[in-house]
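As the structure is a computational prediction, the values presented were derived from the model and not from experiment.
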Amino acid sequence: MNANNTNIKPQVQSKSILSIEDLQTCFATRDGLVTAVDGVTLEVRPGECLGVVGESGSGKSVTFASVMGLIKKPGYIARGSIRFAGRELVGMGDRDYRRLRGKDIAMTMQDALTALNPAYTVGDQILEVILAHDDSLSGSKRQRVREAKRKAVEMMQLVGIPSAENRLDEYPHQFSGGMRQRIMIAIALACRPKLLIADEPTTALDVTIQAQVLELIADIRRELGMSVVLITHDLGVVAEYCDRVVVMYAGQIVESGPTLDVVGNPKHPYTRGLLGSIPDLEDLSRPIEPIPGQVPELIDLPPQCRFLSRCPYRTADCEQNIAMRRTSEEREVRCILFEGIEQ
């Protein structure tokens, strides 16, 4: 299902459900201070799917691990604000976070095989979330467990696992890679959260299963009316499923805006490079153009454009801190030359 379909867009509202302002997340290492997220500002609106794109090491996962309260020593949030439904999350205690995670905000991890506990059945792992957060459960402990088990079966059916009731007592290793991802999604959605953060939900899956998992997330988003953050390195996936996109590089946002606008007319050289790295199945003669070089080390970076060493358009003026510039009501770009790049 296409997230830009007209039967989804009317659900999107202007007021944000998640607002991140000037977030900086750091990790103390023996070699120095790693600033994995540096000045990130973004919002997620009710009912929308926001794509967050970038290479490994760009800060995508760390940004949303910060949202989930999963940054622990030697990591820490140095500055910034994270507000969910108007509530400040930076500085929130572990007890309050435990009440929030799984109930109002849920996150699926990159590798379902390592994220799921191999010592517990998938049913036990879904039940744990429901028993901890579902306020509708009532009665004795036995009654609550019985009702939670019924809901767990419903969730497994919702994510398309056949013979769900019979497979409730199976262990993660008894499921295929695609089915484990579905179990992860079932756990995340067990209490109907307002926001789902899907971190590389198609990692290590073949193309057919990838499409099934992404369609599943899109269908459930439509059914439940929740917001989704889709973290990925693939702009092609974002173009198919997301309303808006944020492109990250070396811990910073370098471009953001409506997906069709960004994909159709990229302003930042890095965004253009990502698009040039995607094979064109309609024109197999077009060569793939990989981005030269590597993402810079995030320790003591000099005050300059972080894409400088890899940019074909670089000039002496790029050797300074580059702020985000608004190019229209909905679009921003971190580049001083975007108007001069030929289309």
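Contact of the Ile278 side chain with the Leu274 side chain is not registered, since no non-hydrogen atoms from C-beta on lie closer than 4.5 Å. Annotation: side chain of Asp135 is in contact with side chain of Lys103 (closest heavy-atom distance under 4.5 Å). Residues Pro201 and Ile217 form a side-chain contact, since some pair of their non-hydrogen atoms from C-beta on lies under 4.5 Å apart. Residues Leu168 and Leu127 are not in side-chain contact: their nearest non-hydrogen atoms beyond the backbone lie 4.5 Å or more apart. Taking the side chain as every heavy atom from C-beta outward, Leu337 and Asp317 never approach each other to under 4.5 Å. Two residues are said to be in side-chain contact when any heavy atoms from C-beta on lie closer than 4.5 Å; Val159 and Ile220 meet this criterion. No side-chain heavy atom of Glu289 sits less than 4.5 Å from a side-chain heavy atom of Arg272. Side-chain atoms of Val62 and Met248, non-hydrogen and from C-beta on, never get closer than 4.5 Å to each other.
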* To do: Could you walk me through whether Met92 and Arg99 pass side chain to side chain contact (heavy atoms under 4.5 Å, CB included), step by step?
  => CA-CA 11 Å; Met92 179 182 284; Arg99 292 172 182 162; over 6 Å; no
* To do: With side chain to side chain contact (heavy atoms under 4.5 Å, CB included) as the test, would you mind laying out the steps for Glu21 and Arg83 before giving the verdict?
  => CA-CA 9 Å; Glu21 294 285 342; Arg83 300 186 69 84; over 6 Å; no
* Criterion side chain to side chain contact (heavy atoms under 4.5 Å, CB included) on Thr232 and Lys60, from CA distance to verdict -> CA-CA 8 Å; Thr232 180; Lys60 310 183 302 296; over 6 Å; no
* **Stepwise side chain to side chain donor-acceptor pair (under 3.5 Å) test for Thr202 and Gln181** => CA-CA 8 Å; Thr202 58; Gln181 282 290 5; over 6 Å; no
* To do: List the steps, then state whether side chain to side chain contact (heavy atoms under 4.5 Å, CB included) holds for Leu131 with Leu137.
  => CA-CA 8 Å; Leu131 290 170; Leu137 300 179; 3.9 Å; yes
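In this structure, the separation between CD on Gln143 and OG on Ser138 is 7.0 Å, given to the nearest 0.5 Å. One finds the SG atom of Cys49 at 5.5 Å from the CZ atom of Arg221 (value rounded to the nearest 0.5 Å). Considering CZ of Phe84 and OG of Ser16, their distance stands at 10.5 Å, rounded to 0.5 Å. Rounding to the nearest 0.5 Å places CE of Met107 at 11.0 Å from CZ of Arg101. Here Leu116 contributes atom CG and Leu113 contributes atom CG; the two are 7.5 Å apart, rounded to the nearest 0.5 Å. In this structure, Arg79 CZ and Leu23 CG are separated by 8.5 Å, a value rounded to the nearest 0.5 Å.
For Lys151, the NZ atom is densely surrounded, since the number of other residues' heavy atoms within 6.0 Å is greater than 12. Dense packing is recorded around CD of Glu330, with more than 12 heavy atoms of other residues, nucleotides or ligands lying under 6.0 Å away. No more than 12 heavy atoms of other residues, nucleotides or ligands sit less than 6.0 Å from atom CD of Glu297. Residue-environment remark: NZ (Lys73) stays at or below the threshold of 12 foreign heavy atoms within 6.0 Å. Heavy-atom neighbours of Tyr120 OH from other residues, nucleotides or ligands within 6.0 Å: at or below the threshold of 12.
Val263 and Leu275 get closest at one heavy-atom pair: O-CD1, 3.6 Å. Between Arg325 and Ile336, the shortest heavy-atom contact is NH2-CG2, 3.0 Å. Ala239 and Thr259 get closest at one heavy-atom pair: CA-CG2, 3.6 Å. Residue Leu308 comes nearest to Cys318 through the heavy atom pair CD1-CB, 3.5 Å, listed as atom of the first residue, atom of the second, then distance. For Ala164 against Met156, the heavy-atom pair with the smallest separation is CB-CB, 3.7 Å. The nearest pair of heavy atoms linking Val262 to Ser256 is CG2-C, 4.1 Å.
Side chain of Glu88 to main chain of Val90: a donor-acceptor pair is present (N/O by atom type, distance under 3.5 Å, no hydrogens or angles). Here the side chain of Arg180 pairs no donor or acceptor atom with the backbone of Ala112 at under 3.5 angstrom. Side-chain atoms of Arg167 never come within 3.5 Å of backbone atoms of Ile161 as a donor-acceptor pair (strictly under, hydrogens ignored). Side-chain atoms of Arg331 do not come within 3.5 Å of backbone N or O of Gly257 as any donor-acceptor pair. For Arg95 (side chain) and Arg98 (main-chain N/O), no donor-acceptor pair under 3.5 Å exists by modelled atom type.
Ion pairing between Lys267 and Glu332 fails under the 4.0 Å rule for side-chain N and carboxylate O. Salt bridge status for Arg144 with Glu147: absent, with no side-chain N to carboxylate O gap under 4.0 Å. Remark: Asp243 does not engage Arg45 in a salt bridge, criterion side-chain N to carboxylate O under 4.0 Å.
At a threshold of 4.5 Å between side-chain heavy atoms, the hydrophobic network of Ile, Leu, Val, Met, Phe, Trp and Tyr places Ile322 and Tyr313 in one connected group. Neither Tyr171 nor Met179 shares a network with the other; the hydrophobic side chains, linked directly or stepwise wherever heavy atoms of I, L, V, M, F, W or Y lie under 4.5 Å apart, form separate groups for each. Side-chain heavy atoms closer than 4.5 Å link hydrophobic residues (I, L, V, M, F, W, Y) into clusters, and following such links, possibly through other members, connects Tyr97 to Ile197. Cluster membership for Leu298 and Ile77, using ILVMFWY side-chain heavy atoms within less than 4.5 angstrom, is shared.
When the options Leu70, Ile105, Asp199, Leu18 are evaluated for a side chain to side chain contact (heavy atoms under 4.5 Å, CB included) with Phe64, the one that passes is Leu18.
A search for ring-ring contact (aromatic ring centres under 6.0 Å, His included) contacts involving Phe307 returns Tyr249, His268, Tyr270, not counting sequence neighbours. Remark: Arg192 pairs with Met155, Leu224 by the side-chain contact (heavy atoms from CB on, under 4.5 Å) rule, at least two apart or across chains.
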